[in-house]
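Counting starts at 1 for both ligands and their atoms, in listed order.
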Amino acid sequence: MDIISIIFVFLFGACIGSFLNVVIWRLPRGESLAFPGSHCPSCGRAIRWYDNVPILSWCILRGKCRFCGVQISPRYLIVEAVTGLLMVGLWVCYYIMHVRNGITIFSSTWPTFIAHAILICGLLACSLIDIETFTVPLGICWFVALVGIVFAAVFPNSDVIPNITPAAGALGIGAVAGLIIALVLLHRGLMQPSFIDADYGAKNENQTDSGDGNSQKQPRQEHGVALSSRHGINPRKEILREILFLAPAIILGIGAYMLVKHVQPVSELWTSWHSDAHGNWFARHLCGFETALFGYLIGGLCVWGMRILGTLGFGKEAMGMGDVHIMAAVGAVTGWMIPTVAFFLAPIFGLLWAFYLLIRKNQHELPYGPWLSAASLAAMIFHDKIAAYFKNFGH
Ligand SMILES: [Zn+2]
């Protein structure tokens, strides 16, 4: 029984991997994900469905196009296999090794498995694109975050996502409302974007004219380095714009928290919405929604806070906005705890790699996104051990 489920999960993962290959190639190049269908990058002929079976087709055709015989990168095969293995790994950890108390049987916790699988696929795609182009595709992060929030609201499971107090829930809703207001002000031109946005636009221009991917290496050189005064901008001044952008979120978040905490009638109403004294259907879904929203904020704020402090301190851009979006997405799917742990874990992973490169005398630089992703995955799997550790630590 276990073997059958493992094979099925692997095949399913390999198919997702096949789609991720499309995403990884097309998204940074500004191409549509749906149209045209898969085609050979060399002769442009459409790939038949029977030549598009994950893993198998690549092996049968020995990595060559059926029509023109051009070599197809083994990357396609590797991404499909890795995605399949990651899905199997998640399945084995959750349903065979039972590493997490809240996730025991698939039939009752499938929404969690699906949401976590989507998160892992999103992290994989973001990491591979980040390694290649030094840019994190924000669309993937937003999609994963949306999945996290919708799943938490529709299928609330307080055993999987740590519960938060109603006041913290109010803080989350207030802060997200503040973010939306700031975004509207930004789009209306009433707020100025900081260097990240300007930088992001420049990147897109770079990539649209590199149709066939020949100039892939160009953005790597340009954007692999942190922005500093050498690029004709003052990072400390730019980061003040980001603080201004966050101001409505901070004010509304704290305002909502104070309102719920200290104003009697509001407090009573808010608490009654959250009590499941009457088997309250509404309260369960509201709590689920709030835990995801709160996780989204904490995940993003860890990195954004670090970025602001680092940039103010060192006078050059510290951590990218892409990293902020990655961790916000992790928080939306898994709650506030996992991105917080991953935030402290990621530098350790990164340092080990830097140490390895130092020994190998290799100068190849890597972006930070993949480390945040790897640390998030580790925190998801070892969640219970970490939670138990902090519980014991507190006593
Ligand atoms: Zn071809």
Side-chain angles (χ1 to χ4, degrees), residues 7-88 117-118 120-141 143-144 200 202-224 322 364-367 369-370 373:
I7 291 171
F8 184 77
V9 170
F10 179 80
L11 292 178
F12 186 72
C15 292
I16 306 286
S18 179
F19 173 67
L20 291 186
N21 271 320
V22 176
V23 172
I24 293 160
W25 178 263
R26 293 190 183 180
L27 214 55
R29 290 167 181 83
E31 295 174 25
S32 155
L33 294 184
F35 185 85
S38 299
H39 54 273
C40 167
S42 177
C43 66
R45 283 210 235 182
I47 295 171
R48 308 262 171 85
W49 65 266
Y50 51 81
D51 285 343
N52 210 4
V53 180
I55 301 173
L56 268 183
S57 290
W58 197 94
C59 296
I60 290 168
L61 295 170
R62 277 185 242 112
K64 284 180 182 138
C65 169
R66 182 186 285 277
F67 304 107
C68 66
V70 75
Q71 195 74 34
I72 308 275
S73 165
R75 188 176 78 171
Y76 289 91
L77 175 77
I78 294 167
V79 170
E80 283 162 2
V82 166
T83 313
L85 289 175
L86 279 171
M87 296 300 101
V88 166
I118 290 173
I120 290 171
C121 291
L123 291 176
L124 180 65
C126 280
S127 297
L128 293 173
I129 294 174
D130 201 7
I131 288 170
E132 198 178 58
T133 67
F134 276 93
T135 329
V136 174
L138 301 187
I140 296 180
C141 301
F143 172 73
V144 172
Y200 193 67
K203 241 172 266 179
N204 280 346
E205 267 169 43
N206 251 340
Q207 265 151 14
T208 39
D209 53 18
S210 67
D212 50 4
N214 283 335
S215 46
Q216 272 175 46
K217 291 208 171 69
Q218 196 189 348
R220 177 180 298 182
Q221 286 173 340
E222 273 189 33
H223 301 288
H364 185 70
E365 249 187 86
L366 266 188
S373 304

**Q** Given 3.5 Å as the limit, does a donor-acceptor pair link the side chain of S57 with the main chain of Y50, or not?
**A**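 Yes, the answer is positive, given that a donor and an acceptor are paired below the 3.5 Å cut-off.
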
**Q** Using a 3.5 Å distance criterion without hydrogens, assess whether the side chain of N21 forms a donor-acceptor pair with backbone atoms of Y76.
**A**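 The answer is yes, because a donor-acceptor pair under 3.5 Å joins these two groups.
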
**Q** Kindly say whether T133 contributes a backbone atom to a donor-acceptor pair with the side chain of T135 at under 3.5 angstrom?
**A**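 Between the backbone of T133 and the side chain of T135 there is a qualifying donor-acceptor contact (under 3.5 Å).
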
**Q** Check the Zn ion (ligand 1) and write out every protein N, O or S atom at under 2.8 Å, as residue and atom.
**A**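 Near the Zn ion (ligand 1), below 2.8 Å, one finds C40 SG, C43 SG, C65 SG, C68 SG.
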
**Q** Do I16 and F12 have side chains that get closer than 4.5 Å, going by heavy atoms?
**A**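 I16 reaches F12 side chain to side chain.
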
**Q** Roughly how far, to the nearest 0.5 Å, is CG of L61 from CD1 of I72?
**A**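 So the gap between those two atoms works out to 8.5 Å.
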
**Q** Is atom CZ of F8 surrounded by more than 12 heavy atoms (other residues, nucleotides or ligands) closer than 6.0 Å?
**A**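 Counting other residues, nucleotides and ligands, CZ of F8 stays at 12 neighbours or fewer.
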
